[in-house]
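For reference, the structure is listed below as structure tokens.
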Amino acid sequence: MRAWDTVLYERWKQNRKVFVGALDEVTQEVFDRASPPEGGRCIDIGCGFGETTQRLAELVGPGGFVLGTDSSPRFIEDARREAADAGVENVEFEVADAQTANWDATYDYAFSRMGTQFFAAPVPAMRAIRGALKPGGTLAKVCWRRKDESQFWAETEQVVERFLSRPAEYEADTCGPGPFSLGNPETCRGILEAAGFEEIDLHRRDFAYYMGKDMDEATDALLAIGPGAELIRLNGEHGESHRPEIAEALADHYAAWQQPDGSIVGRGSVWIVTATNPS
Ligand SMILES: C[S@@+](CC[C@H](N)C(=O)[O-])C[C@H]1O[C@@H](n2cnc3c(N)ncnc32)[C@H](O)[C@@H]1O
């Protein structure tokens, strides 16, 4: 988890426009499939810079309230400042590790965009999230399906593997079980069942994944976060020494994916997950 307050915070911040923009469409679909109630109380888990927290605040309206939570103090510091600068009044932010949190059951709606797949202890974490919901409250979240189902993640890793392999031992901090830990639908559903959720629904959503406005932006983002980037990081200095040639190989690989406007667009696939806290 330390990685999220250090290297991954910095990399997410640097490439934020790409990562967040790429997820806009699926985020909206989560809200369309399970809308936060007007005037309701929401909790946003692993909220990062709080874009979705602010969006939830807008959707519930001035009579509602949203708590943005994240285990990383640096993300929360930025999220709090940005919401204040934007004049959003019905939000608060809190540093909290979902795995050890003990929220009171005062929320109507729990949301997470790509924040629940990094838990080393997923069942206690999802139980704590359920514990934050009133009886009958809704969970709505989005997470990656298996790596191979998002072509751009799998192919980026394959390109990096031409140069580097996963070291048997490494010192770098990691992001826990990783972005694809909920890719297997049985795992994703089983965790929620074990945590006591009901009416669990996994909706597969394939979408056009915007990788960057041009090849440089796309290769920077692909080598900042995700399985290819992780291979470089785990290889330390040796990995870094290969970064320029890996970027070149990626640019060759993705040339066919370049759009007439210069942007690079791949295919991604996520689960949109909804569930209920039993009444
Ligand atoms: C991929 S980022 C997504 C951020 C944000 N939801 C978004 O979509 O822009 C994952 C976030 O989960 C947070 N996170 C990781 N482990 C966590 C934990 N155990 N409890 C709470 N947040 C966690 C990270 O700090 C990070 O901000």
Side-chain angles (χ1 to χ4, degrees), residues 1-31 42-57 66-80 82-83 91 93-103 109-132 139-145 147 150 153 173-183 191 195 205 207 209-210 221-222 224-227 229-230 268 270-273:
M1 232 173 25
R2 218 173 72 92
W4 276 113
D5 202 43
T6 51
V7 58
L8 298 180
Y9 161 82
E10 280 146 24
R11 291 181 177 198
W12 191 268
K13 185 163 182 158
Q14 209 173 343
N15 296 279
R16 172 179 179 180
K17 224 173 111 210
V18 175
F19 297 147
V20 169
L23 295 173
D24 268 354
E25 187 184 324
V26 290
T27 308
Q28 187 53 47
E29 186 162 339
V30 181
F31 295 142
C42 305
I43 182 165
D44 187 355
I45 309 294
C47 68
F49 294 114
E51 289 97 346
T52 52
T53 318
Q54 288 198 36
R55 177 80 182 115
L56 282 163
V66 190
L67 178 69
T69 73
D70 200 288
S71 53
S72 158
R74 290 171 87 189
F75 272 110
I76 288 294
E77 196 184 318
D78 287 4
R80 201 174 268 145
E82 289 183 17
V91 294
F93 291 93
E94 159 190 296
V95 177
D97 177 349
Q99 300 167 117
T100 51
N102 190 8
W103 292 296
Y109 185 93
F111 172 85
S112 184
R113 181 174 71 185
M114 302 299 183
T116 59
Q117 58 262 53
F118 304 105
F119 301 147
V123 174
M126 294 315 299
R127 202 177 283 137
I129 294 167
R130 186 173 71 75
L139 168 74
K141 64 171 191 160
V142 58
C143 55
W144 291 110
R145 294 181 65 235
K147 180 167 55 191
S150 288
W153 284 135
D173 292 320
T174 68
C175 61
F180 310 105
S181 70
L182 302 176
I191 289 168
R205 177 68 153 82
F207 67 112
Y209 184 86
Y210 171 84
L222 290 169
I225 273 185
E230 195 78 344
V270 293
W271 292 124
I272 293 179
V273 181

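Whatever order the structure lists them in is the order used to number ligands and atoms, beginning at 1.
- The aromatic rings of Tyr209 and Phe207 sit perpendicular to each other, their planes meeting at more than 60°, with 30° as the lower class boundary.
- Side-chain contact annotation: Tyr210 with Asp24, donor-acceptor N/O pair under 3.5 Å absent.
- Not counting sequence neighbours, the partners of Gln28 by the side-chain contact (heavy atoms from CB on, under 4.5 Å) test are Phe31, Asp32, Arg55.
- Taken from CD in Gln14 to CZ in Phe19, the straight-line distance is 9.0 Å, to the nearest 0.5 Å.
- For Thr27, the side chain to side chain donor-acceptor pair (under 3.5 Å) criterion is met by Arg113, not counting sequence neighbours.
- Of all the atoms in ligand 1, the ones that sit under 4.0 Å from a non-hydrogen atom of Phe119 are 17 (C), 18 (C), 19 (N), 20 (N).
- Near Gly48, meaning under 4.0 Å from any of its heavy atoms, are these atoms of ligand 1: 4 (C), 5 (C), 27 (O).
- A donor-acceptor pair is defined here as one N or O able to donate and one able to accept, closer than 3.5 Å; no such pair exists between the side chain of Asp70 and the backbone of Ile76.
- Below 30°, between 30° and 60°, or above 60°: for Phe118 and Trp4 the angle between ring planes is above 60°, a perpendicular geometry.
- Any N or O atom pair closer than 3.5 Å counts here, and Trp4 shares no such pair with ligand 1.
- Around atom 13 (C) of ligand 1, the closest heavy atom drawn from Ile129, Val142, Asp70, Val95 belongs to Asp70.
- The residue Pro179 has no part lying near ligand 1, judged by heavy-atom distances below 4.0 Å.
- Neither the backbone nor the side chain of Ala125 comes within 4.0 Å of ligand 1, counting heavy atoms alone.
- Atom CE of Met126 sits about 5.5 Å away from atom OG1 of Thr116, to the nearest 0.5 Å.
- Within the structure, ligand 1 has Trp12 among the residues with a heavy atom less than 4.0 angstrom away.
- Neither the backbone nor the side chain of Tyr9 comes within contact range of ligand 1; no heavy atom lies under 4.0 Å.
- Thr69 OG1 to Asp44 CG: the interatomic distance, rounded to the nearest 0.5 Å, is 7.0 Å.
- Near Ser72, with a cut-off below 4.0 Å to any heavy atom, the atoms of ligand 1 are 25 (O).
- Thr52 does not count as a contact of ligand 1, since none of its heavy atoms falls under 4.0 Å from the ligand.
- A salt bridge links Glu82 with Arg16: the distance from a Lys NZ or Arg NE/NH1/NH2 to an Asp or Glu carboxylate oxygen falls below 4.0 Å.
- Polar contact check, Asp97 against ligand 1: a nitrogen or oxygen pair lies under 3.5 Å apart.
- Between atom 5 (C) of ligand 1 and the options Gly46, Gly115, Ala3, Ala79, the minimum heavy-atom separation is to Gly46.
- Near Phe75, with a cut-off below 4.0 Å to any heavy atom, the atoms of ligand 1 are 25 (O), 27 (O).
- When Arg113, Gln99, Arg74, Glu51 are ranked by how near their heavy atoms come to atom 3 (C) of ligand 1, first place goes to Arg113.
- The shortest N or O to N or O distance between Phe118 and ligand 1 is not below 3.5 Å.
- At least one heavy atom of Ala96 sits closer than 4.0 Å to an atom of ligand 1.
- Phe49 and Tyr9 have tilted rings, their planes meeting at an angle from 30° to 60° on a 0 to 90° scale.
- Checking only distances, Ser71 does come within under 3.5 Å of ligand 1, N or O to N or O.
- Residue Ala98 places at least one N or O, backbone or side chain, under 3.5 Å from an N or O of ligand 1.
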